[in-house]
Amino acid sequence: MNPLALTIFLLSLAIGTTITLSSYHWLLAWVGLEINTLAIIPLMTKIPHPRAIEAATKYFLTQAAASALLLFSSLINAWQTGEWNIDSISHLPMNALSIALMMKLGLAPLHFWMPEVLQGISLSTGLILSTWQKIAPMALLLQTSHLINLDLTIILGLTSILVGGWGGIGQTQLRKIMAFSSIGHLGWMIVVLKFNPSLTLFNFIFYVIMTASMFFSLMTISATKMSEISTSWSKTPTLTTSTLLILLSLAGLPPLTGFAPKLLISLELVKQNATLLTALIMLASLLALFFYLRLTYVVSLTLPPNSPNSLSSWRTSTKTLPITAIVNTLALILLPITPTLLIFL
């Protein structure tokens with residue numbers, strides 16, 4: 001892609017998110033979300049392949065439907081209350097608006113677009129879709145968390161954790177596995193959204209760091225299928241070891257970074273007398289733990305026959321190595337400074 005065009009699209013992504021984050025008016029928030037959607041579609045189709053065109057079309061249709069629902073619910077709210085402020089929204093439009101934002105995030109049962117779209121695009125665009133594109137809808141949900149319906153968040157959160165675990169078990173494509181991983185993590189965030197929004201923000205920050213580190217690692221070793229990461233151990237042992245640990249961090253195993261959000265959310269739900277809900281989401285997370293452990297098994301404990309030890313035939317991207325090293329470090333060792341981060345949130 002032309003560097004000038006790429007710069008314009010990336011700047012548009014940044015501007016769209018910034019407009020939504022800084023807006024107090026529903027129309028401005030909608031404009032920011034639309035700029036975001038339109039800016040990423042050319043990035044999806046930069047490789048002119050039928051799968052990429054299909055993914056961009058599916059993404060556009062689902063995001064357009066969610067944006068239309070968001071605009072419709074904010075119009076109803078303006079008609080009922082006479083105000084466009086994000087804080088002042090009545091009960092009925094809030095439910096429709098929450099569903100629109102959750103559809104943009106890819107929460108179950110509005111998740112069907114997410115694995116298909118992520119599978120059809122490149123890893124670099126998948127990184128943007130899984131991290132940056134979720135900032136604006138999540139910010140709007142956090143701003144309206146005190147008005148959101150508790151039953152809606154619990155049902156969609158629990159469904160997302162179940163779907164994220166169940167859907168990822170049968171996958172061999174790494175991008176689809178990351179899509180279901182994203183759905184599961186967003187489920188954890190939404191479950192605790194009404195009880196403690198700052199904990200949702202904390203979990204979202206950690207999710208972005210861990211997902212970005214996983215995508216950067218996959219980009220560095222040029223792997224999109226499970227069979228490709230199974231051959232990486234004999235070629236790049238250091239990077240493969242960090243990838244293995246990131247998978248365990250995504251699974252939420254101590255003493256890695258991913259353990260902190262799951263522990264704190266479980267403690268918060270128990271504190272709110274939602275012990276049964278805590279037990280259900282922890283049991284549902286075991287499904288996701290299974291496919292993360294299966295991936296770590298494929299990475300570390302299987303070697304293909306006749307794998308050469310030379311580095312000559314191995315495709316590694318040296319351009320992403322520095323940022324991969326930084327993000328991987330963050331994704332593994334942030335647990336000890338969790339109390340400090342919580343003070344700032």
- prompt: Out of curiosity, Lys194 NZ to Ile148 CD1, how far, rounded to the nearest 0.5 Å?
  reply: 7.5 Å
task: Walk me through it: do Leu158 and Leu280 pass the test side chain to side chain contact (heavy atoms under 4.5 Å, CB included)?
output: CA-CA 8 Å; Leu158 187 55; Leu280 282 172; 4.1 Å; yes
field: Pairwise side-chain contact, Val192 with Asn203, heavy-atom cut-off 4.5 Å (strictly under)
entry: no
message: Would you say that Leu287 contacts Phe290 through its side chain, given a criterion of any heavy-atom pair below 4.5 Å between the two side chains?
response: no
- prompt: Linking I/L/V/M/F/W/Y whenever their side-chain heavy atoms sit closer than 4.5 Å, directly or via other members, would Met282 and Leu267 fall into one cluster?
  reply: no
- request: Using the rule that two of Ile, Leu, Val, Met, Phe, Trp, Tyr join whenever any of their side-chain heavy atoms come within less than 4.5 Å, decide whether Leu186 and Phe259 are in one cluster.
  value: no
statement: All heavy atoms of Thr45 vs all of Ala52, minimum pair found to be CG2-O, 4.1 Å
task: In sequence, state the C-alpha distance, the side-chain angles, and the governing distance for Leu256 and Leu335, and then conclude on side chain to side chain contact (heavy atoms under 4.5 Å, CB included).
output: CA-CA 6 Å; Leu256 302 170; Leu335 183 64; over 6 Å; no
- prompt: Any link between Leu152 and Phe72 through a network of hydrophobic side chains (Ile, Leu, Val, Met, Phe, Trp, Tyr) touching at under 4.5 Å?
  reply: no
task: Please round to the nearest 0.5 Å and tell me the distance separating atom CE of Met214 and atom CG of Leu247.
output: 4.0 Å
- request: Give, for atom CG of Leu250 and atom OG1 of Thr296, the distance between the pair rounded to the nearest 0.5 Å.
  value: 11.5 Å
message: Quick check against the 3.5 Å criterion: does Arg175 have a side-chain atom that pairs as donor or acceptor with the backbone of Ile121?
response: yes
- prompt: Can you name the closest pair of heavy atoms from Ala223 and Leu123 and give their distance?
  reply: O-CD1, 3.6 Å
- request: Determine yes or no for a side-chain-to-main-chain donor-acceptor pair under 3.5 angstrom, with Asn2 supplying the side chain and Leu4 the backbone.
  value: yes
- prompt: Could you state the interatomic distance from OG1 (Thr200) to CD1 (Ile190), rounded to the nearest 0.5 Å?
  reply: 6.5 Å
Nearest heavy atoms of Ser145 and Leu142, plus distance in Å: OG-O, 3.1 Å
message: Set out, in order, the CA-CA distance, both residues' side-chain angles and the distance that settles side-chain hydrogen bond (donor to acceptor under 3.5 Å, both in side chains) for Thr20 and Asn36, then state yes or no.
response: CA-CA 10 Å; Thr20 304; Asn36 249 358; 5.7 Å; no
- request: Consider only side-chain N and O atoms of Ser98 and Asn149, and report whether a donor and an acceptor are under 3.5 Å apart.
  value: no
- prompt: Just by modelled atom types, is the Ala108 backbone N or O under 3.5 Å from a matching donor or acceptor in the Ser160 side chain?
  reply: yes
query: Can a donor-acceptor pair be found between the side chains of Tyr59 and Thr37 at a distance below 3.5 Å?
result: no
- prompt: Are any of the side-chain heavy atoms of Leu269 and Ile281 separated by less than 4.5 Å?
  reply: yes
query: Cut-off 3.5 Å, side chains only: do Ser230 and Ser227 have a donor facing an acceptor?
result: no
query: For the side chain of Trp113 and the backbone of Met103, is there at least one donor-acceptor N/O pair under 3.5 Å apart?
result: yes
- prompt: Should we count CZ of Phe60 as having more than 12 external heavy atoms under 6.0 Å?
  reply: no
message: Within the 3.5 Å criterion, strictly below it, is a donor on Ser285 or Trp188 matched to an acceptor on the partner's side chain?
response: yes
message: Quick check: closest heavy atoms across Phe195 and Leu150, and the distance to 0.1 Å?
response: CZ-CD1, 3.8 Å
message: Under a 3.5 Å distance rule, please check whether Ser73 uses its side chain to pair with a backbone N or O of Leu70 as donor and acceptor.
response: yes
- request: Answer with yes or no whether the side chains of Tyr207 and Ser182 bring together a donor and an acceptor at under 3.5 Å.
  value: yes
message: Would you say CH2 of Trp84 has more than 12 non-hydrogen atoms from neighbouring residues, nucleotides or ligands within 6.0 angstrom?
response: yes
Sub-4.5 Å side-chain heavy-atom contact between Phe216 and Leu239: no
- request: Please lay out, stage by stage, how Thr125 and Ser122 fare under the test side-chain hydrogen bond (donor to acceptor under 3.5 Å, both in side chains).
  value: CA-CA 5 Å; Thr125 316; Ser122 63; 3.0 Å; yes
- prompt: Do Ile205 and Ile333 share a hydrophobic cluster (ILVMFWY, side-chain heavy atoms under 4.5 Å, transitive)?
  reply: yes
task: Check the pair Leu199 / Met189 against side chain to side chain contact (heavy atoms under 4.5 Å, CB included), numbers first and verdict last.
output: CA-CA 8 Å; Leu199 206 49; Met189 295 175 218; over 6 Å; no
field: Distance-only polar pair, side chains of Lys104 and Thr62, donor-acceptor under 3.5 Å
entry: no
message: For Glu83, give me all partners under salt bridge (charged side-chain N to carboxylate O under 4.0 Å, His left out), at least two apart in sequence or on another chain.
response: none
task: For the residue pair Thr211 and Val208, establish whether any side-chain heavy-atom pair is separated by less than 4.5 Å.
output: no
Shortest non-hydrogen separation from Leu127 to Ala212 and the atoms involved: CD1-CA, 3.5 Å
field: Atom pair OG1/CG of Thr243 and Leu218 - distance to nearest 0.5 Å
entry: 7.0 Å
field: Leu13 side chain reached by Gln133 side chain, heavy atoms, under 4.5 Å
entry: yes
statement: In this structure, CD1 of Ile177 is separated from CG of Leu118 (nearest 0.5 Å) by 11.5 Å
message: Any non-hydrogen side-chain atom of Lys225 less than 4.5 Å from a side-chain atom of Leu174?
response: no
query: Can you find a pair of side-chain heavy atoms, one from Leu6 and one from Leu10, that are under 4.5 Å apart?
result: yes
message: Atom CE of residue position Met94 - does it have more than 12 heavy atoms of other residues, nucleotides or ligands inside 6.0 Å?
response: yes
message: Under a 3.5 Å distance rule, please check whether His111 uses its side chain to pair with a backbone N or O of Leu107 as donor and acceptor.
response: no
task: Check whether Phe291 and Leu293 end up in the same hydrophobic cluster, where Ile, Leu, Val, Met, Phe, Trp and Tyr are linked by side-chain heavy atoms less than 4.5 Å apart.
output: yes
query: Do we see a donor-acceptor contact under 3.5 Å between the side chains of Ser74 and Trp30?
result: no
task: Name all residues meeting the salt bridge (charged side-chain N to carboxylate O under 4.0 Å, His left out) criterion together with Lys262; count only those two or more places apart in sequence or in a different chain, and write none if there are none.
output: none
- prompt: Which heavy atom in Leu289 sits nearest to a heavy atom in Ala251, and how many Å separate them?
  reply: CD1-CB, 3.7 Å
- request: Verify side chain to side chain contact (heavy atoms under 4.5 Å, CB included) between Ile128 and Ile40, making sure each step is shown before the conclusion.
  value: CA-CA 8 Å; Ile128 296 170; Ile40 199 172; 3.8 Å; yes
